[in-house]
Protein chains: 2
Amino acid sequence: MMTLEDEAMAADPETGQRLAADNEGVSQLPEMSSIVGYVLRRAQLSVFQDFIESFAELKLRPAEFSVLNLIAQRPGQKQSEIAEQLGIKRANFVALMDGLERRGVAERRKSPEDKRSHSLHLTAEGERFLSEMLSVWNAHEQRIIQRLGGDAERDKLIELLGRLSGPD
Amino acid sequence: MMTLEDEAMAADPETGQRLAADNEGVSQLPEMSSIVGYVLRRAQLSVFQDFIESFAELKLRPAEFSVLNLIAQRPGQKQSEIAEQLGIKRANFVALMDGLERRGVAERRKSPEDKRSHSLHLTAEGERFLSEMLSVWNAHEQRIIQRLGGDAERDKLIELLGRLSGPD
DNA sequence: ATGAATTGTTTTATATCATAACATTTATTT
DNA sequence: AAATAAATGTTATGATATAAAACAATTCAT
């Protein structure tokens, strides 16, 4: 009779698999689908993919969405403030903001109080763009929530993810 | 008496905040901390940050970890197969594999059956490296699980994240 | 008033990722 | 069997993201 060891040692003619000697401690190797960081990355890419497809027509990237949303929530904030909230280096924020200004949806205003800083605002066209943007985003977000199973699952996920985000 | 509208209209001398006229529909704007994609990205960056710091000494990046782990689980797989499992374009996989080969931890073997493909294997040194790698990774993963609250929370998170990952 | 810190900016380097083209080899069609 | 199509690894290239260093103008701190 064939022992378990024999079975483990047998080569698989179907898949042309290697002998067991080649991968002994395989059982202690983590399944990719159980590695938090890996599953996290795959999920993030998938959600961003949906986002990018959703905003293909408006040609808006996630970072730009976030910037416009933050400016709308609290107009007048400085570049550094917006950048820092999003974890974007202020050096890299410059080009991003240039783009939004070139599109005419946001603008820099030099404040008389501190002549170093620029306070950020939406333009009138930016306000119109905002409502379009939010409409597209709502559809996207609903699609994501549906994938999760509902609002309760969304809330649970957000809570768990919040525990992972460092203090930065 | 001051109405709610009045309060909403009042400028804040502390923060130098804009007038309410500047951001009327602010209540319909999503909080960044409630946007799945955003929270997901921040969490992923944080987990990867811990990973990168954990592997600073071994100079191993997440993608390289995944490749070595997959090769160890199933030696002999083709480059394309490993690349596809990880969502890495086969063109970009070449340089990654070059690096692992140059470090002497993995190797390409040309299979006699299909002279196009290369089957991937760990070297003897790669096997030694693997156990170091797993030791470092276990510490990292435990840290992440601890942040989440425990194994149950980890399992729940993995399940929810799995629902988000597209069919790719 | 002088030195230190902040803010926006430019420049540069690196890493990531997608696409196209190619040679070699294998599979499929005629 | 010959011709065509597809798979595999590779190279080259461009786009994007991200980090770090240096700088000028301005404000803050001592």
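In what follows, chains are A, B, ... by sequence order, proteins preceding strands, each numbered from 1.
- Note: Ile145(B) CD1 to Asn138(B) CG = 9.0 Å, rounded to the nearest 0.5 Å.
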Could you write out each protein N or O paired with an N or O of nucleotides 18-21 of chain D at a distance under 3.5 Å?
| unit_1 | atom_1 | unit_2 | atom_2 | d |
| --- | --- | --- | --- | --- |
| dT18(D) | OP1 | Arg41(B) | NH2 | 3.3 |
| dA19(D) | N7 | Asn92(A) | OD1 | 3.3 |
| dA19(D) | N7 | Asn92(A) | ND2 | 3.0 |
| dA19(D) | N6 | Asn92(A) | OD1 | 3.3 |

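- Under the salt bridge (charged side-chain N to carboxylate O under 4.0 Å, His left out) criterion, Asp114(A) pairs with Arg116(A), sequence neighbours left out.
- Checked by atom type, the side-chain pair His121(B)/Thr123(B) shows no donor-acceptor distance below 3.5 Å.
- Take the nearest nucleotide of DNA chain C for Ser119(A) and for Ser111(B): the residue whose nucleotide is more 5' is Ser119(A).
- Contact check, Lys78(A) against dT7(C): a side-chain N or O comes under 4.0 Å of OP1 or OP2.
- For Phe51(B), the ring pair (Phe, Tyr, Trp, His ring centres under 6.0 Å) test picks out Phe55(B), Phe65(B), His140(B), with sequence neighbours left out.
- The pair Arg109(B)-Glu107(B) meets the salt-bridge criterion, with a side-chain N (NZ, NE, NH1 or NH2) lying under 4.0 Å from an Asp/Glu carboxylate O.
- One finds a side-chain N or O of Arg108(A) lying less than 4.0 angstrom from the OP1 or OP2 phosphate oxygen of dT9(C).
- Under the side chain to side chain contact (heavy atoms under 4.5 Å, CB included) criterion, Leu45(A) pairs with Arg41(A), sequence neighbours left out.
- For Asp98(A), the side-chain hydrogen bond (donor to acceptor under 3.5 Å, both in side chains) test picks out Arg108(A), with sequence neighbours left out.
- In this entry the distance linking CD1 of Ile52(A) with P of dA15(D) reads 17 Å, nearest Å.
- Side-chain atoms of Ser34(B) and Arg154(A) form no donor-acceptor pair, as typed in the model, at a separation below 3.5 Å.
- As rounded to whole Å, 12 Å separates atom P of dT27(D) from atom NE2 of His118(A).
- Backbone-only contact: Glu113(A) has heavy atoms under 4.0 Å from sugar-phosphate atoms and none from a base.
- A salt bridge does not link Glu132(B) to Arg128(B): none of the charged nitrogens lies less than 4.0 Å from a carboxylate oxygen.
- OP1 and OP2 of dT6(C) both lie 4.0 Å or more from every side-chain N or O belonging to Gln79(A).
- Annotation: proximity of residues 54-68 of chain B to DNA chain C (heavy atom, distance under 4.0 Å) is found for Arg61(B), numbered in ascending order.
- Taking atom NZ of Lys115(B) as the reference point, atom C1' of dA23(C) lies 14 Å away to the nearest angstrom.
- Rounded to whole Å, atom P of dT8(D) lies 20 Å from atom CZ of Arg109(B).
- When the C1' atom of dA15(C) is taken as reference, atom CG of Leu96(B) falls 12 Å away, rounded to whole Å.
- Distance CZ (Phe93(A)) to P (dA17(D)): 14 Å, rounded to an integer number of Å.
- Distance Arg90(B) CZ to dC22(C) P: 15 Å, rounded to the nearest Å.
- Computed from coordinates, the Arg116(B) CZ to dA5(D) P distance equals 16 Å when rounded to whole Å.
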